[in-house]
Amino acid sequence: MRLTRPLTAAACAALLLAATACGSSGSGSSTGLNPPDLKPLAKLGRSEGEVNLIAWAGYVEDGSDDPKVDWVTDFEKQTGCHVNSKVAASSDEMVKLMKTGQYDAVSASGDASLRLIASGDAAPVNTKLVPNYKDIFSGLKNGAWNSVKGQMYGIPHGRGANLLMYNTEKVSPAPTSWSAVFDDAGTYKGHVTAYDSPIYIADAALYLKATKPELKIKDPYALDQKQFDAAVALLKKQNADIGEYWSDYLKEISAFKSGDSVIGTSWQVIANLAAGEGAKVRAFVPKEGSTGWSDTWMVSAKAKHPDCAYRWLNWIVSPKVNAEVAEYFGEAPANAKACDLTADKNFCATYHAADESYWKNIAFWNTPIEQCLDGRTDVTCVPYAKWVQAWTEIKG
């Protein structure tokens, strides 16, 4: 199971710098983005016999890692499409691999999907060829990270929120705000943890959006220089109180069990595992809301096996398979019918799968570009490549 989403230097971010993009990081299509004029597949033909996939670890399981975890074998039997998959360690790697034209589909997160759309590496999808699309939760459709002007560029797979987790025995009173790890981080100096990624700058921006209205932040992924500088300054201040930046879930669990970390960013699955191993923790979405991630299966514009790719898209979000993937991986499923098929009958409630009001408070990862995603045209926003540079400075 992959429980890390490392983000390396965004060498491919420049692909978007020339694109005109507007929209929000929440629901709503990226109406200002003008990608190449590509057409979705009109109809399915015969199986080409194989499909080449790029995926996060845990998304394409064939029983080789665990004989009990296998949703590939039945797909191959039913469709005649042999699955060849490559696990990618980062969104940047996914973007690079998709540009080779050797892969048919990818499980892209929001910080990669706009790059793939703008560069023409991902084709729009014909949702009519994916019968299970009709049962996808509405909050995952026509998002700023997976659609343009009402045209979907992929099939949603699942979603998760970046939560504030704390040790219930060592942190008192119980926090309600991200201030616990920003303005008040000194209270737990040396025992604060944060996600190790440039995209974490958006977490600081989200907090400033609520606490510094004079900055006029609308979208934590659309920051002009003044807004960006404020977020970076907050993170540099926080750095003095950080005990550890994490990207490995095992290390975060260990740190909370030992007491080295008592408060910081986490995911629901990590909170569940930590509690299961005896750590006294609670994780929640603070009053300011939170950032999060939503993955989308996208088809390559150069796909050599488009029919098998579409069959995979429909298979991976079918109720039974989507339930299995969600539980194995630790995320909310995309298909509403999957919730009736999870082994743990409380799984969807724990992950807020059907609670759209919960997800309205989550700003899903998006790709920061010069053309401000919040729709402003009178300023230039800071692109992701500079977020990467700033993150190095923040960590010292």
Side-chain angles (χ1 to χ4, degrees), residues 7 10-23 25 29-42 44 51-56 59-60 85-86 88 90-130 133 136 140-159 221 293-314 316-317 334 364-369 371 373 384:
L7 289 165
C12 298
L15 292 172
L16 279 179
L17 300 186
T20 301
C22 303
S25 60
S29 170
S30 287
T31 54
L33 188 66
N34 294 305
D37 186 18
L38 302 173
K39 302 299 181 185
L41 191 68
L44 291 179
V51 63
N52 299 319
L53 307 173
I54 307 167
W56 295 117
Y59 274 9
V60 184
S85 65
K86 179 176 178 60
S90 71
S91 290
D92 291 338
E93 184 182 358
M94 288 183 172
V95 171
K96 182 178 180 180
L97 290 171
M98 281 289 280
K99 291 188 71 65
T100 68
Q102 297 175 19
Y103 297 90
D104 301 303
V106 60
S107 62
S109 294
D111 55 313
S113 51
L114 280 191
R115 285 185 265 172
L116 294 172
I117 293 171
S119 64
D121 290 308
V125 297
N126 183 348
T127 57
K128 293 180 180 179
L129 301 182
V130 184
Y133 179 76
I136 299 295
L140 288 170
K141 296 178 178 179
N142 298 313
W145 62 93
N146 62 16
S147 69
V148 176
K149 299 176 183 178
Q151 171 63 60
M152 287 293 291
Y153 274 76
I155 302 299
H157 172 106
R159 52 185 166 180
Y221 307 100
W293 42 267
S294 173
D295 292 344
T296 304
W297 279 100
M298 308 180 81
V299 177
S300 171
K302 305 170 186 174
K304 296 180 176 63
H305 314 101
D307 293 283
C308 279
Y310 267 81
R311 287 176 168 83
W312 173 260
L313 266 56
N314 190 54
I316 200 66
V317 297
F364 290 112
W365 285 352
N366 214 336
T367 307
I369 59 174
Q371 289 74 26
L373 293 171
Y384 184 62

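Computation of the quantities below employed the complete heavy-atom set of this structure, encompassing side-chain atoms and omitting hydrogens, waters and symmetry-equivalent molecules. Since the structure is predicted, the reported quantities are computational estimates derived from the model, not experimental observations.
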Tell me the closest heavy-atom pair linking [X] and [Y], and the distance in Å.
| X | Y | value |
| --- | --- | --- |
| G120 | A301 | O-CB, 3.2 Å |
| A334 | G158 | CB-N, 3.9 Å |
| A105 | L313 | CB-CD1, 4.3 Å |
| A122 | L38 | O-CD1, 3.9 Å |
| M152 | T127 | CB-CG2, 4.1 Å |

Mark yes or no for whether [X], through its side chain, and [Y], through its backbone, hold a donor-acceptor pair below 3.5 Å.
| X | Y | value |
| --- | --- | --- |
| S113 | W145 | yes |
| Q151 | V125 | yes |
| K86 | N52 | no |

What residues form a side-chain contact (heavy atoms from CB on, under 4.5 Å) with [X], not counting sequence neighbours?
| X | value |
| --- | --- |
| N314 | V130, P131, N132 |
| S300 | M98, K302, A303 |
| K304 | D104 |

For this session: Report the C-alpha distance between S90 and D92 in whole Å, list the side-chain angles of each, state the deciding distance to 0.1 Å, and finish with yes or no for side chain to side chain donor-acceptor pair (under 3.5 Å).
Result: CA-CA 5 Å; S90 71; D92 291 338; 5.1 Å; no
Which residues pass the side-chain hydrogen bond (donor to acceptor under 3.5 Å, both in side chains) test with [X], not counting sequence neighbours?
| X | result |
| --- | --- |
| W312 | none |
| S107 | none |
| N126 | none |

Taking C-beta and beyond as the side chain, do [X] and [Y] meet within less than 4.5 Å on heavy atoms?
| X | Y | value |
| --- | --- | --- |
| L41 | D307 | yes |
| R159 | L140 | yes |
| I117 | Y153 | yes |
| I369 | L114 | no |
| L53 | W297 | yes |
| S91 | R115 | yes |
| L97 | V106 | no |
| S85 | Y103 | no |

Output the distance between atom [atom1] ([X]) and atom [atom2] ([Y]), rounded to the nearest 0.5 Å.
| X | Y | atom1 | atom2 | answer |
| --- | --- | --- | --- | --- |
| R311 | L129 | CZ | CG | 10.0 Å |
| D121 | M94 | CG | CE | 14.0 Å |
| K149 | N142 | NZ | CG | 14.0 Å |
| L44 | K128 | CG | NZ | 13.5 Å |
| Y384 | D111 | OH | CG | 6.0 Å |

Seminar exercise, completed: Only one of D295, T296, N366 passes side chain to side chain donor-acceptor pair (under 3.5 Å) with S109, and that residue is D295
